[in-house]
Amino acid sequence: MATLFLYTARIMDFELTNQHRLARATARDVARTELAPYAQEWDQTMTFPGEALKKLARLGFMGISIPKAYGGCGLDSISYVLIIEELAKVCASTAIIVSVHNSVCAYPIFMLGTEEQKQSYLVPLSRGEKLGAFALTEPNAGSDPASLETVAERHGDHFILNGTKTFITNGSTADIVLVMARTDRTKRSRGITAFIVDKSFGGIIVGSKENKLGIRASDTCELIFKRCTVPAANVLGELGAGLGAALDTLTFGRVGVAAQALGVAECAFEESIRYSTQRKQFGRPIADFQAIQWMLADMATEIEAARSLVYRAAWLKDRGKPFAAEASMAKLYASETAMRCATKAVQIHGGYGCMKDYRVERCFRDAKVIEIYEGTSEIQRLIIARNVTK
Amino acid sequence: MHPLKIIVTVKQVPDTNQVKIDPVTNSLVREGVPSIINPEDRNAIEVALWFKEHVGAETTALCMGPPQAVSALEEALAMGIDKAVLLSDRAFAGSDTLVTAFTLSRAVMKIGTYDLILCGRQAIDGDTAQVGPQLAGFLGLPQITYAEEIQYDGMTLTIRRGLEDSNEWIRVKLPALVTVSAGINRPRHPSLYNIVAACDPERITRLTATDLKVPAAMLGLTASPTKVKKIFEPERHARAEMLEGEPSHMARQLIEKLRALHALDREHNPHEREVSSAFNRL
């Protein structure tokens, strides 16, 4: 018995803890009642799910991994990905709104912020009283963020920001935006600083909401900074260390987006199972045909592989181990799995799959967006390659 | 005024929405089916939390079940319940409703003082609605079943019982036991804020047969007078008949067929006169 115990203690443990299961069940329950009835309409009418987000905020969804001392829930990263996955299964737009707020706005303030910054900005963010966004991308700086052109010039104890940020998730709805701006023109990546910008500072013009292919309920828009005055006390982390901080932040963000992709893939798969076991052609359910079975088998296998990558990246983070390459692998594989699963799901649904009334049509559009944002598949491969060749 | 002490009984059940029938053996496939808190027990939890927030109450969830039923109690704690007690012992296995109620009554005595016991009307896996009333019997408490509305004036509860064709208002002094129906409220979601604390193993008190000081002969399958002989899916006799022709012709045919089945008889249908005149117009 003792030998057996020693043996079992050493093997890998793929079991979720009670805490993980309860977090997942809670997110599933909330998604089913608060998102599912409206997600299709939000998508079609590009409606930001403001009311639903208020309910989610009351239940702690806006401070998932932030410690209780700063108004959050104190849950680990595995719980975090399980929650994003469950939201994405039902509404990928809500999942990204929550994910961006948590992982690339609240989380970096928790990691790098001063105590004063945490009290002023992190606490209301975690409680969901304020919504967060992250502004790095510019019209001429996408995959190459070091080339960004937004400048922040120092004037006494303030910085004045000028420039344009584009494709900003939560752009019009956010109250707090983490903005990456150039503070030193003589340096490239080391000349960029992160600022905590409260929209109430003024000098921010919100552009029109983009009419997107997928993830349509999340508001994506341009933010134009025109003499936006930010106190020097709102520099997040070190001066000139903004890009490094941004990229570190994006590493955690990628795990959240990977979880979102996983949710979309699972939705496409579950809908395909449901449809193919009910739809009859030639006198039997189409799931009886090998052509469909092979598609279902591939979807199931790829989803399991994606899940392992996503959970493992979160698991590494929870143990304080490096997880940059794993986060990129998870984002790359899960988003491409979502695209492949959604493509197969539409194919299985045939003509119905092309109709907006069917859930898989939305999965298909959402999956394509997920392959692109938070680092395209190509950028993920670049990061992975750098990690495996160094 | 001291805060009310409320005990809510909670049962963990398979999510019957997700239970499938094995087409070969015709039995329920429970594998992989998630376990949930019995839906009407969630309504009972919501009532307890209403008292906690509006009157002041110390709330305890009590659950009898296998060790994994702990997750039902964790969910109750994440909803906002203060304390949880899990009754778990191999000796309890196979209990029918009577023995379950008896065992729960001993656990309630062990917990000690209470003002109000809340139960869900019935469980979705057994549908008996017996445990609540039997628990009241064992504890010698007044019982009000099928509660759909509860008012409290600091001394007494005034409760609306939803009956099949009427409502009944009942006033009762505490202590009492109330079983609640799904219509009474909309249970809240568990909160992510509460999850870390809810999953702290220290939060849940575990009681066994030894703790209850009840001999094994009075527990579980051996003590249960009810024996389930067989479980089967009832055969379905539904058949469809398609009517054809012009709409007015089909409507006439439909009414004739319904008449032949006595579905339009006066005692069934208070609108017989309207149906007749509509029929004559066709």
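Throughout, protein chains are lettered first and strands after them, A, B, ... in sequence-line order, and every chain is numbered starting at 1.
At a heavy-atom separation below 4.5 angstrom, chain B is approached by A:I83 within residues 81-99 of chain A. Identified by a heavy-atom distance below 4.5 Å to chain B, the contributing residues of residues 51-62 of chain A are A:A57, A:R58, A:L59, A:G60, A:F61, in residue-number order. Below 4.5 Å, heavy atoms of chain A meet heavy atoms from B:V70, B:E74, B:E75, B:A78, all part of residues 67-78 of chain B.
A 6.0 Å sphere centred on NZ of B:K52 holds more than 12 heavy atoms belonging to other residues, nucleotides or ligands. For A:K280, the NZ atom counts as loosely surrounded, since its 6.0 Å shell holds 12 or fewer non-hydrogen atoms of other residues, nucleotides or ligands. Remark: B:Y146 OH is loosely packed, at most 12 non-hydrogen atoms of other residues, nucleotides or ligands lying under 6.0 Å away. With a 6.0 Å radius and a threshold of 12 heavy atoms from other residues, nucleotides or ligands, B:M250 has its CE atom above the threshold.
Taken to the nearest 0.5 Å, the CG atom of B:D200 stands 11.5 Å off from the CG atom of A:N18. The structure places CZ of B:R42 at 5.0 Å from CG of A:D29, a figure rounded to the nearest 0.5 Å.
Across B:V196 and A:G74, no two heavy atoms sit closer than the pair CG2-O, 3.6 Å. Scanning all heavy atoms of the two residues, the minimum distance from A:T26 to B:I195 falls at OG1-CD1, 4.0 Å.
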Problem - From CA spacing to verdict: side-chain contact (heavy atoms from CB on, under 4.5 Å), B:C199, A:L22 - result: CA-CA 8 Å; B:C199 293; A:L22 183 51; 3.9 Å; yes

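Scored by the side chain to side chain contact (heavy atoms under 4.5 Å, CB included) test, A:T301 finds no partners at all (sequence neighbours excluded).
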